[in-house]
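Quick caveat: nothing in here was measured; it's all calculated off a predicted structure. Both counts, for ligands and for their atoms, begin at 1 and track the order of listing.
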Amino acid sequence: MANQEDIFKKVISHAKEYGYVFQSSEIYDGLSAVYDYAQNGAELKKNIREYWWRAMVQLNENIVGIDAAIFMHPTTWKASGHVDAFNDPLIDNKDSKKRYRADVLIEDYTAKIEGKIEKEVAKAAKRFGDAFDQEQFLATNPRVTDYQKKIDTTLKRLGKSLENEDLADVKALIEELGIVCPVSGSKNWTDVKQFNLMFGTKLGASAESAMDLYLRPETAQGIFVNFLNVQKTGRMKIPFGIAQTGKAFRNEIVARQFIFRMREFEQMEMQFFIKPGTQQEWYEIWKENRMKWHLSLGMGSENYRFHDHEKLAHYADAAADIEFRFPFGFKELEGIHSRTDFDLGAHEKYSGKKLQYFDHAENESYVPYVVETSIGLDRMFLAVFSNSLQEEELENNTTRTVLKLPAVLAPTKAAVLPLVKKDGLPEIAHQIVDDLKWDFNVVYDEKDAVGRRYRRQDAVGTPFCITVDHQSKEDNTVTIRHRDTMEQQRVAIADVNRMIAKEVDMKSWLGKM
Ligand code: ATP
């Protein structure tokens with residue numbers, strides 16, 4: 001089997017070759033950690049956004065969606081804590097001159113130990129066969145428990161030092177663990193420093209009157225400052241949620257890993273406003289609900305896990321990540337945070353305006369508490385794309401590359417292929433396209449032998465190929481070929497629309513939640 005790095009390289013090159021993701025400004029050698037979505041990528045991204053929006057907004061009577069501006073009054077970011085505390089700890093290696101996030105270096109180190117545990121488990125599973133009890137093995141095998149202890153104490157200490165802003169201890173930890181620079185191999189580190197991740201810009205024409213602004217580092221604040229506007233105009237009753245999707249910007253210290261960590265990215269966030277004291281209950285509900293949304297896409301429950309935070313952000317009283325198995329290991333895909341009344345309280349203080357809710361049932365006013373769900377659209381894109389890309393061995397000793405995107409998310413739902421470019425077959429195929437295009441994205445393709453056209457559609461992720469042949473002229477039937485099974489069915493042209501609809505309809509996918 002190819003190693004992780006090779007698989008990831010394949011993902012990146014496939015994304016480019018098949019019109020999903022391009023490096024931004026490539027003709028000028030690109031801009032680091034900024035990417036453009038190409039013709040297929042834009043569709044896939046739109047479908048993921050829509051899948052989220054339907055699940056969050058359309059299917060929940062008590063959640064509404066907004067679209068706030070990227071620019072916000074600069075005091076917003078004082079109030080939210082981003083001016084003072086939106087920092088990452090950075091460290092430089094003096095030999096390679098490479099810059100790293102100190103916490104990520106340490107987390108990568110513990111991830112390696114985790115890899116060792118996984119190896120032990122795989123070895124033991126092989127040795128014990130059916131009798132293998134993984135839970136018991138993890139709890140009792142001395143080597144594994146030692147590894148686990150090392151991970152736990154390391155992460156705990158990291159969490160504590162970051163919380164106390166004890167950067168000297170973060171450096172001490174890196175030294176004690178003997179972490180070396182992946183480039184130079186040396187342990188010649190600088191001190192750890194804080195680095196603010198917000199991008200600054202200016203609003204206004206003249207230098208004197210220009211106002212310093214930030215590009216928003218998260219979409220959440222656009223929701224908080226509009227909390228009362230939405231509550232009043234929408235006559236919303238607690239508990240209720242406000243959702244939005246939109247661009248966010250972070251000057252990430254180390255932006256690697258393709259679209260996993262970008263400097264300009266898109267978030268899909270929902271802030272759920274609740275009565276103080278009910279946060280634990282709602283936090284659990286949203287954790288479960290969000291996991292169900294992920295699982296509805298059928299990408300394998302073994303590829304997801306929760307990770308509860310040791311180190312809480314300045315605004316949170318509980319936080320967990322949904323992690324996904326990316327080609328480079330389990331990493332954060334979505335965060336669920338219990339944010340208390342931190343944000344609304346801070347905006348009250350800084351704006352001097354009341355941001356309270358009057359609870360008629362209780363006959364009292366209060367600043368609501370908030371549980372947030374926050375997912376990166378680009379990360380979700382990478383999760384879907386990397387998970388779907390597969391190399392398959394076929395019976396005749398050949399292989400095929402197939403992008404098994406969940407059909408509901410696929411950019412193009414069907415390709416219509418006349419078997420040959422003559423005998424009236426293209427005309428029938430065009431008619432089918434003209435009928436289907438009102439409901440789905442479909443393409444027409446007549447170039448090359450039909451087998452090659454199937455392969456091309458497999459690689460781009462089109463779930464259905466509809467082939468028009470000579471029999472079609474006689475009995476108005478076509479074949480539908482299914483991407484994943486490669487099975488072909490003969491069906492009436494009149495039934496094609498309904499058959500595709502059944503497979504790609506959001507209702508049948510989200511209905512599984
Ligand atoms: P990380 O620890 O990976 O930097 P974070 O904890 O800072 O992420 P949040 O502030 O909780 O992330 O943001 C919510 C979501 O936004 C993340 O779960 C992730 O999916 C997405 N996200 C955050 N930063 C980036 C980025 N630089 N590029 C792409 N997506 C991002």
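Here the heavy atom of the protein found nearest to atom 28 (N) of ligand 1 is Met262 N, 2.9 Å. The protein heavy atom nearest to atom 10 (O) of ligand 1 is Arg250 NH2, 3.0 Å. Distance from atom 13 (O) of ligand 1 to its nearest protein heavy atom, with residue and atom name: Gln267 NE2, 3.4 Å. At the shortest separation from atom 18 (O) of ligand 1 among protein heavy atoms lies Glu332 OE2, 2.6 Å. Regarding atom 19 (C) of ligand 1, its nearest protein heavy-atom neighbour is Arg379 NH1, 3.5 Å.
Near Phe260, with a cut-off below 4.0 Å to any heavy atom, the atoms of ligand 1 are 28 (N), 29 (C), 30 (N). Close contacts between ligand 1 and Glu334 involve ligand atoms 18 (O) [criterion: under 4.0 Å to a heavy atom]. Close approach of ligand 1 to Ser374 is summarised as follows: ligand atoms under 4.0 Å from at least one heavy atom of the residue are 13 (O), 14 (C), 15 (C), 18 (O). Ligand-side atoms of ligand 1 in range of Glu252: 24 (N), 26 (C), 27 (N), range being under 4.0 angstrom from any heavy atom. Those atoms of ligand 1 with a heavy atom of Arg261 less than 4.0 angstrom away are 1 (P), 3 (O), 4 (O), 26 (C), 27 (N), 28 (N). Which parts of ligand 1 touch His337 is read off a 4.0 Å heavy-atom cut-off, strictly below it: atoms 11 (O). When each atom of ligand 1 is checked for a heavy atom of Gly376 under 4.0 Å away, the hits are 15 (C), 16 (O), 19 (C), 20 (O), 21 (C). Close approach of ligand 1 to Arg101 (heavy-atom distance below 4.0 Å) involves ligand atoms 4 (O).
Ligand 1 lies less than 4.0 angstrom from a heavy atom belonging to Leu333.
Any N or O atom pair closer than 3.5 Å counts here, and Phe265 shares no such pair with ligand 1. Of the N or O atoms in Ile375, none lie within a sub-3.5 Å distance of an N or O in ligand 1. Every N/O-N/O distance between Ile259 and ligand 1 stays at or above 3.5 Å.
Cation-pi geometry between Arg305 and Phe330 is met: the NZ or CZ atom falls under 6.0 Å from the ring centre, inside 45° of the normal. In this structure, Arg49 is not positioned above the aromatic face of Trp52 in the sense of NZ or CZ being under 6.0 Å from the six-membered ring centre and within 45° of the axis. Cation-pi geometry between Lys512 and Trp509 is met: the NZ or CZ atom falls under 6.0 Å from the ring centre, inside 45° of the normal. Note that Lys287 lies in the cation-pi zone of Phe306, set by a 6.0 Å cut-off to the ring centre and a 45° limit from the axis.
Atoms NZ and CG, from Lys10 and Leu389 in turn, are 5.5 Å apart once rounded to the nearest 0.5 Å. Asn188 CG to Cys181 SG: the interatomic distance, rounded to the nearest 0.5 Å, is 10.0 Å.
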Does the pair Lys331 and Glu107 meet the rule for a salt bridge (charged side-chain N to carboxylate O under 4.0 Å, His left out), with working shown? CA-CA 11 Å; Lys331 292 270 184 221; Glu107 280 162 10; over 6 Å; no

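Between Phe8 and Phe328, the angle of the ring planes goes over 60°, which puts this pair in the perpendicular group of the 30/60° scheme. In this pair, Tyr20 and Phe381 present their aromatic rings perpendicular. The plane angle is above 60°, beyond the 30 to 60° band.
Between the side chain of Asn226 and the main chain of Gly222, a donor-acceptor pair closer than 3.5 Å is present.
The side-chain heavy atoms of Trp77 and Met72, taken from C-beta on, include a pair separated by under 4.5 Å.
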